[in-house]
Amino acid sequence: MAYKIVFFGTSDFSTPSLEALLKDTRFEVVAVVTKPDAPIGRHQTLTPPPVKVIAQEHDVQVFQFEKIKTDESYDQLRGFLASARNDGKVDAYVVVSYGKIIPQRILDLPKHGCINVHGSLLPLHRGASCVQAAIAEGDQKTGVTVMLMDAEMDHGDILAQKEIAIGPEETGGQLHNRLSQLGAETLPDILAGYLDGKITPQPQDHSLATYCKLLSREDGKLDWTKSAAEIERLVRAYNPWPGTWTEWAGKRIKILKTFLSDLTSTKKAGELNVQNDKLVVICGDGNSLEILELQPEGKRAMTAKEFIVGRR
RNA sequence: CGCGGGGUAGAGCAGUUGGCAGCUCGCCAGGCCCAUAACCUGGAGGUCGUCGGUUCAAGUCCGACCCCCGCAA
């Protein structure tokens with residue numbers, strides 16, 4: 001008989017994992033818990049989370065709690081799990097990029113605990129922006145961790161880890177997709193192995209833990225006093241979310257792609273300098289960064305050359 | 001109707017009070033040069049987002065619509 005699973009997830013990072021569980025006959029996804037539909041995009045169109053769309057396509061029960069901490073949410077979920085159809089309890093939760101803190105009493109409901117797929121090699125990069133952090137910190141490799149959840153964030157015992165190398169020009173978006181797929185490939189066998197009692201959870205070395213915060217657009221404002229190498233990594237890491245930008249002539253300009261250059265400039269650090277058909281900025285460590293692609297406010301993305309030509 | 005910028009040559013942009021549609025780059029041809037992404041000469045390439053209105057005359061003024069983008073989420 002298939003293990004009964006409740007899946008918690010919201011973003012695109014979680015959809016491959018959900019799909020992997022849905023098509024695996026060892027599991028039955030009895031319900032999906034996701035965030036409420038939210039106004040999204042330029043016109044604030046009310047949009048369902050991608051996870052909800054997939055769940056509905058498979059006729060899986062969907063819960064969207066406005067506030068998951070409330071008694072109401074707890075009672076509703078517990079009631080569902082206790083119904084005859086689910087004969088008492090589910091075997092486990094799988095939580096992938098749900099986006100909210102799940103209260104302990106809800107985590108306590110499944111028989112065998114809660115499994116989380118996290119997009120970094122824990123204990124490194126605990127928190128919400130693990131993919132960006134790996135690139136921004138200059139890590140050579142990263143990966144996914146499948147772990148048991150406990151009371152602290154990304155703190156539980158590890159069931160499995162898979163590593164991948166970070167490409168020298170890889171962006172946050174590209175890495176996000178690769179890790180998302182890697183997580184989905186890893187999850188089913190590890191989950192089954194754990195529920196079959198064949199995998200022994202290993203504690204993390206908490207002394208090595210690092211943390212990353214939830215990012216906002218404001219975090220993408222470039223600080224040109226940092227080193228050129230740091231900024232180059234940040235531009236890659238934060239592409240496409242939250243994006244990196246700088247103020248210029250009273251307008252916001254997104255910086256999409258940069259290159260560690262050996263060109264020099266007479267301008268002060270942080271000032272855009274046009275040299276021939278190149279755009280160069282001196283950074284805090286005295287090294288220069290060439291801006292290859294950018295996007296002025298209200299315009300489409302363009303190359304530095306196009307930007308310069310249009311300004312003459 | 002959340003706020004705001006914009007659609008003009010292949011690309012990026014300018015276009016004053018309506019009066020022959022321009023700039024830089026690119027492209028094509030030729031020239032210069034040891035050579036060139038440099039320089040010189042010539043050339044092609046536009047139904048000015050769409051539809052309608054005002055006018056002798058609309059890129060420009062008015063109305064509607066389509067599309068792209070920044071903020072916000």
Side-chain angles (χ1 to χ4, degrees), chain A residues 8-15 33-54 62-69 96-101 127-132 171-173 176 180 212-224 231 234-267 270-281 288-312:
Chain A
F8 288 67
T10 299
S11 76
D12 286 318
F13 190 82
S14 38
T15 54
V33 181
T34 189
K35 287 211 264 188
D37 295 6
I40 208 165
R42 195 133 32 217
H43 301 292
Q44 298 294 90
T45 316
L46 202 60
T47 307
V51 162
K52 177 186 180 183
V53 176
I54 291 171
V62 174
F63 291 96
Q64 293 176 285
F65 299 121
E66 198 65 48
K67 295 202 170 189
I68 194 169
K69 290 180 191 166
V96 187
S97 185
Y98 172 56
K100 293 192 178 204
I101 304 292
S129 56
C130 49
V131 179
Q132 288 94 332
T171 65
H176 175 280
S180 168
C212 52
K213 63 173 183 173
L214 185 64
L215 296 173
S216 73
R217 272 233 160 77
E218 210 50 35
D219 294 310
K221 181 168 185 174
L222 289 175
D223 174 5
W224 297 103
I231 295 172
L234 205 66
V235 169
R236 275 193 291 124
Y238 284 11
N239 179 340
W241 175 259
T244 45
W245 52 277
T246 191
E247 300 265 356
W248 193 70
K251 300 232 172 171
R252 192 178 277 224
I253 295 182
K254 282 189 174 182
I255 306 298
L256 301 176
K257 187 173 185 184
T258 60
F259 173 72
L260 291 172
S261 165
D262 51 9
L263 295 170
T264 56
S265 166
T266 53
K267 294 281 182 82
E271 286 183 29
L272 293 189
N273 187 30
V274 177
Q275 290 183 200
N276 299 323
D277 55 353
K278 296 183 193 308
L279 212 46
V280 178
V281 185
S288 61
L289 204 57
E290 184 181 334
I291 296 171
L292 300 177
E293 290 171 23
L294 68 167
Q295 181 173 17
E297 188 176 318
K299 300 291 187 179
R300 62 184 60 194
M302 63 182 77
T303 63
K305 191 171 183 180
E306 288 171 327
F307 178 75
I308 292 166
V309 162
R311 280 187 28 75
R312 286 189 178 164

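Naming: A, B, ... by sequence-line order, numbering from 1 per chain.
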Base-pairing assignment for [N] (Watson-Crick or G-U wobble, both under 3.5 Å):
N      : value
G4(B)  : C69(B)
G42(B) : C28(B)
G22(B) : C13(B)
C34(B) : none
C51(B) : G63(B)

[options]: which one has an atom nearest the side-chain heavy atoms of [X]?
X       : options                : value
M302(A) : A73(B), C13(B), C71(B) : C13(B)
E297(A) : G12(B), G70(B), C13(B) : G70(B)
E306(A) : A73(B), G70(B), G12(B) : G12(B)
R252(A) : C25(B), C71(B), A73(B) : C71(B)
K305(A) : C25(B), G70(B), C13(B) : C25(B)
R42(A)  : G2(B), A73(B), A11(B)  : G2(B)

Next item on the list: State, with a plain yes or no, whether a side-chain heavy atom of F65(A) is found less than 4.5 Å away from one of K35(A).
Entry: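 Of all side-chain heavy-atom pairs linking K35(A) with F65(A), none is under 4.5 Å.
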Rounded to whole angstrom units, what separation is found between the [atom1] atom of [X] and the [atom2] atom of [N]?
X       : N      : atom1 : atom2 : answer
L294(A) : G12(B) : CG    : C1'   : 11 Å
H43(A)  : G2(B)  : NE2   : C1'   : 11 Å
L46(A)  : G2(B)  : CG    : P     : 13 Å
Q295(A) : A11(B) : CD    : P     : 17 Å
F307(A) : A14(B) : CZ    : P     : 12 Å
D219(A) : C71(B) : CG    : P     : 14 Å
K299(A) : G4(B)  : NZ    : P     : 18 Å
I308(A) : A14(B) : CD1   : P     : 16 Å

Notebook entry, point to check: Side-chain N or O of R217(A) less than 4.0 angstrom from OP1 or OP2 on A72(B)?
Noted result: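 Yes, because at least one side-chain N or O of R217(A) sits under 4.0 Å from OP1 or OP2 of A72(B).
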Checklist line | Side-chain N,O (K254(A)) to OP1/OP2 (G70(B)) below 4.0 Å | finding: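 K254(A) to G70(B) OP1/OP2: side-chain N or O found under 4.0 Å.
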To the nearest 0.5 Å, what is the distance between [atom1] on [X] and [atom2] on [Y]?
X       : Y       : atom1 : atom2 : answer
L294(A) : M302(A) : CG    : CE    : 6.5 Å
I54(A)  : T34(A)  : CD1   : OG1   : 10.0 Å
L222(A) : I291(A) : CG    : CD1   : 8.0 Å

Rounded [atom1] spacing from [N] to [M] in Å:
N      : M      : atom1 : value
U8(B)  : G46(B) : P     : 14 Å
G19(B) : U60(B) : P     : 10 Å
C69(B) : C32(B) : C1'   : 45 Å
U17(B) : C13(B) : C1'   : 23 Å
G49(B) : A14(B) : P     : 14 Å
G42(B) : U24(B) : P     : 13 Å
A21(B) : A58(B) : P     : 11 Å
U54(B) : G5(B)  : C1'   : 28 Å

Notebook entry, point to check: Which one of S180(A), S11(A), S14(A) satisfies the side chain to side chain donor-acceptor pair (under 3.5 Å) criterion with S97(A)?
Noted result: S11(A)
Margin query: Under 4.0 Å, counting only non-hydrogen atoms across every strand here, what does K251(A) touch: a base, just sugar-phosphate, or nothing?
Written below: nothing
Note to self: Does W241(A) reach a base, just sugar-phosphate, or nothing at all? Heavy atoms under 4.0 Å.
What the structure shows: base
Check: Around atom CZ of F63(A), are there more than 12 heavy atoms of other residues, nucleotides or ligands at under 6.0 Å?
Finding: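 Counting neighbours around CZ of F63(A), more than 12 heavy atoms of other residues, nucleotides or ligands fall under 6.0 Å, so yes.
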Item checked: Over 12 non-hydrogen atoms of neighbours within 6.0 angstrom of CG in L46(A) ->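 Atom CG in L46(A) is packed in, count exceeds 12.
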